[in-house]
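For the single chain, residues carry numbers from 1 onward in sequence order. The basis for the numbers below is simple: all heavy atoms, side chains too, and nothing from hydrogens, waters or symmetry mates.
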Amino acid sequence: MDENEKQHPQPHVELPIDVSVTETESNCTKIQSLCSILTQFHAGYFRISLSLTSQAFLLKILIEPIQDAHALRRLFSSIPSSVHTLLWFLAFFVLGTLSFLYILKCVLHFDRVKDEFLNHVGVNYLFVPWICWLILLESSPFLSPRTLFFKILWWVFVVPMVMLDVKIYGQWFTKGKRFLSVGANPTSQLSVIGNLVGAQAAAQMGWKESALCMFSLGIVHYLVLFVTLYQRLAGNNSIPSMLRPVFFLFFAAPSMASLAWNSICGQFDTTCKMLFFLSFFLFLSLVSRPMLFKKSMKKFNVAWWAYSFPLTALALASVEYAHEVKGIMAHTIMFLLSAVSVFVSLLLLLITAIKISRHAFTSLQP
């Protein structure tokens, strides 16, 4: 360095940052992140909404004032109605968010939606969004089943399920890729549950013929499916070990059938009791075999939410059974099943919230 440079040092010049380039990179990162979420998102995530909406429905039934209520029932009746309203809005928010994401996936990644439809397990979860909306509609603290808006929404949610019924049930008894003896698995019961929930909502509106139509459609196919799954025919596709929680759907279907028939008949008659006893027996059969679910419990995944809805459906059936029988044993079963159902849902909600917060914190790290 010469003397002139020492006497007159060149000033340090900072180059201007191209803000537009930085914003473009940020936008590209956000778009890539959204695309990554959509590609990994599938209809199985609606298990979360199925749990929350059914919990809102259970709470609505439990807090209803009834005459000569048993002491165990009065413990739930003391819960403020505002708790049900908050839970309903939470279920509505989660279901709306998941539905919006799935609509985006249908628009941007329709090929992946088609892959779900062609999968023998994934296709059954296409019923779940409509089941969730129907249960949310039934549990609404604002809409009466007799209102016109309720009836319009019932048609909006039921028609897509009937279209799926025509497609899937038609392939069950015809030669095709989804021949029942080959593709039957526990998640196939979701289609049956969808028809039974639709029947229950129709009965609440006073549409007895529509309710009987959907109930017969669901219960007949349930009997066929139940026998097929019991036989475990050779070639029957097994499900991965991490999806073992869906075995709880075995007692969810008869529980919903008892509730649907109760709404149609107006009382928890002998048929309802038989269906409830069947679901309770299947529940005891599954919980007495914890090793069946050992592999699926090693690492948390969204399949864990499959535990919640069947427990809630069984709790709902037990509430109606206890209301009809009015015995100490019936109310004890009702209290225990309802408490277990609420506990499992809260536990899953807490674990999911922790997992999401950890994932969000990790993604924000540089």
(request) Evaluate the criterion side-chain hydrogen bond (donor to acceptor under 3.5 Å, both in side chains) for residue pair Thr352 and Trp305; output intermediate values, then yes/no. (result) CA-CA 10 Å; Thr352 303; Trp305 281 94; 3.0 Å; yes
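- Side-chain contact between Met214 and Val197: absent, with no pair of heavy atoms (C-beta onward) separated by less than 4.5 Å.
- To the nearest 0.5 Å, atom OG of residue Ser49 and atom CZ of residue Phe92 are 11.0 Å apart.
- Counting heavy atoms from C-beta on, the side chains of Leu223 and Val227 never come closer than 4.5 Å.
- Side chain of Lys105 to main chain of Phe41: a donor-acceptor pair is present (N/O by atom type, distance under 3.5 Å, no hydrogens or angles).
- Counting heavy-atom neighbours within 6.0 Å of Phe93 CZ, excluding the residue itself, gives a total of 12 or less.
- Side-chain heavy atoms closer than 4.5 Å link hydrophobic residues (I, L, V, M, F, W, Y) into clusters, and following such links, possibly through other members, connects Phe343 to Phe57.
- Taken from OG in Ser296 to CG in Asn301, the straight-line distance is 7.5 Å, to the nearest 0.5 Å.
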(message) Could you walk me through whether Phe142 and Phe149 satisfy the ring pair (Phe, Tyr, Trp, His ring centres under 6.0 Å) test, starting with their C-alpha distance in whole Å, then the side-chain angles of each, then the deciding distance to 0.1 Å, before giving a yes or no?
(response) CA-CA 11 Å; Phe142 312 109; Phe149 192 56; over 10 Å; no
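- Of the candidates Leu286, Val287, Leu278, Leu284, Leu286 is the only one forming a side chain to side chain contact (heavy atoms under 4.5 Å, CB included) with Phe251.
- The closest donor-acceptor contact from the side chain of Ser188 to the backbone of Asn185 lies under 3.5 Å.
- Taking CE of Met256 as the reference point, atom CG of Asn195 lies at 11.5 Å (rounded to 0.5 Å).
- The distance from the OG atom of Ser140 to the CG atom of Leu137 is 7.0 Å, given to the nearest 0.5 Å.
- Checked by atom type and distance alone, the side chain of Ser258 pairs as donor or acceptor with a backbone atom of Ser255 at under 3.5 Å.
- Between Trp155 and Trp207, the ring planes are tilted. Angles from 30° to 60° get that label.
- Of all the heavy atoms in Ala260 and Leu196, the pair that sits closest is CB-O, 3.5 Å.
- Between the side chain of Arg244 and the backbone N or O of Lys295, no donor-acceptor pair lies under 3.5 Å.
- Residues Leu225 and Val220 share a single hydrophobic cluster, defined by chaining ILVMFWY side chains whose heavy atoms lie under 4.5 Å apart.
- Heavy-atom contacts from other residues, nucleotides or ligands closer than 6.0 Å to NZ of Lys208 number 12 or fewer.
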(message) As a quick check of understanding, evaluate salt bridge (Lys or Arg N to Asp or Glu O under 4.0 Å) for Glu320 and Lys273, giving each step before the final call.
(response) CA-CA 10 Å; Glu320 299 297 338; Lys273 293 177 183 178; over 6 Å; no
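- The aromatic rings of Phe157 and Trp130 sit tilted, their planes meeting at an angle between 30° and 60°.
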(message) Evaluate Tyr222 against Ile219 for side chain to side chain contact (heavy atoms under 4.5 Å, CB included), listing each step before the verdict.
(response) CA-CA 5 Å; Tyr222 170 69; Ile219 200 67; 4.3 Å; yes
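- Heavy-atom minimum distance, Leu243 versus Arg47: CD2-NH2, 3.8 Å.
- Of the possible donor and acceptor atoms, one in the side chain of Thr85 sits under 3.5 Å from a partner among the backbone N and O of Ser81.
- Checked against a 6.0 Å centroid threshold, the rings of Phe226 and Tyr230 count as neighbours.
- Side chains of Ser341 and Gln55: a donor-acceptor N/O pair is present below 3.5 angstrom, by distance only.
- A pairwise comparison of heavy atoms in Ile193 and Ala252 identifies CD1-CB, 4.0 Å as the closest pair.
- Leu62 and Leu86 fall into different hydrophobic clusters, where Ile, Leu, Val, Met, Phe, Trp and Tyr side chains are chained together by heavy-atom contacts under 4.5 Å.
- By the 4.5 Å heavy-atom criterion applied to side chains, Leu164 and Pro160 are not counted as neighbours.
- Note on ring orientation: taking the six-membered ring where Trp is involved, the planes of Phe280 and Phe276 are parallel (angle under 30°, cut-offs 30° and 60°).
- With hydrogens and angles disregarded, no donor-acceptor distance shorter than 3.5 Å links the side chain of Glu324 to the backbone of Tyr321.
- Between Phe150 and Trp154, the gap from one ring centroid to the other reaches at least 6.0 Å.
- Neither side chain, Thr53 nor Trp88, offers a donor N or O lying under 3.5 Å from an acceptor on the other.
- With contacts defined as side-chain heavy-atom distances shorter than 4.5 Å, the pair Leu350/Ile354 qualifies.
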(request) Step by step, work out the side chain to side chain contact (heavy atoms under 4.5 Å, CB included) result for Ile333 and Met329. (result) CA-CA 6 Å; Ile333 293 174; Met329 184 59 69; 4.3 Å; yes
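- The closest donor-acceptor contact from the side chain of Thr147 to the backbone of Leu143 lies at 3.5 Å or more, if one exists at all.
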(message) Run the side chain to side chain contact (heavy atoms under 4.5 Å, CB included) test on Val156 and Trp133 for me, step by step, so that the C-alpha distance in whole Å, both residues' side-chain angles and the decisive distance to 0.1 Å come before the verdict.
(response) CA-CA 10 Å; Val156 172; Trp133 283 111; over 6 Å; no
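- Two residues are said to be in side-chain contact when any heavy atoms from C-beta on lie closer than 4.5 Å; Pro80 and Val83 meet this criterion.
- With hydrogens and angles disregarded, a donor-acceptor distance shorter than 3.5 Å links the side chain of Lys326 to the backbone of His323.
- Note that CG of Leu217 and CG of Leu212 are 12.5 Å apart. Values are rounded to the nearest 0.5 Å.
- Between Pro310 and Ala306, the shortest heavy-atom distance links the atoms CD-O, 3.0 Å.
- Between the side chain of Asn262 and the backbone N or O of Cys265 there is no donor-acceptor pair closer than 3.5 Å.
- Residues Leu95 and Leu52 form no side-chain contact, since every pair of their non-hydrogen atoms from C-beta on lies 4.5 Å or further apart.
- Aromatic ring orientation, His221 versus Tyr169: parallel (interplanar angle below 30°, classes split at 30° and 60°).
- Under the 4.5 Å side-chain criterion, counting only non-hydrogen atoms from C-beta, Val123 is not in contact with Lys167.
- The hydrophobic clustering, which links ILVMFWY residues whose side-chain heavy atoms are closer than 4.5 Å, places Phe76 and Ile328 apart.
- Between Phe250 atom CZ and Phe283 atom CZ the span is 15.5 Å, to the nearest 0.5 Å.
- In this structure, Tyr45 has its ring center no closer than 6.0 Å to that of Tyr102.
- Put simply, Val192 and Met274 are part of two different groups of oily side chains (I, L, V, M, F, W, Y) that touch within less than 4.5 Å, one to the next.
- In terms of heavy-atom proximity, Arg146 sits nearest to Gln204 at NE-O, 3.9 Å.
- Within the 3.5 Å criterion, the main-chain N or O of Gly327 finds a donor-acceptor partner in the side chain of His331.
- Relative orientation of the Phe215 and Trp261 rings is tilted, given thresholds of 30° and 60° on the angle between their planes.
- Contact check for Phe247 versus Phe293: side-chain heavy atoms found under the 4.5 Å cut-off.
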(message) Run Phe248 and Leu282 through side chain to side chain contact (heavy atoms under 4.5 Å, CB included) and show every step you take.
(response) CA-CA 9 Å; Phe248 270 44; Leu282 294 173; over 6 Å; no
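- Scanning all heavy atoms of the two residues, the minimum distance from Ala322 to Met334 falls at CB-CB, 4.0 Å.
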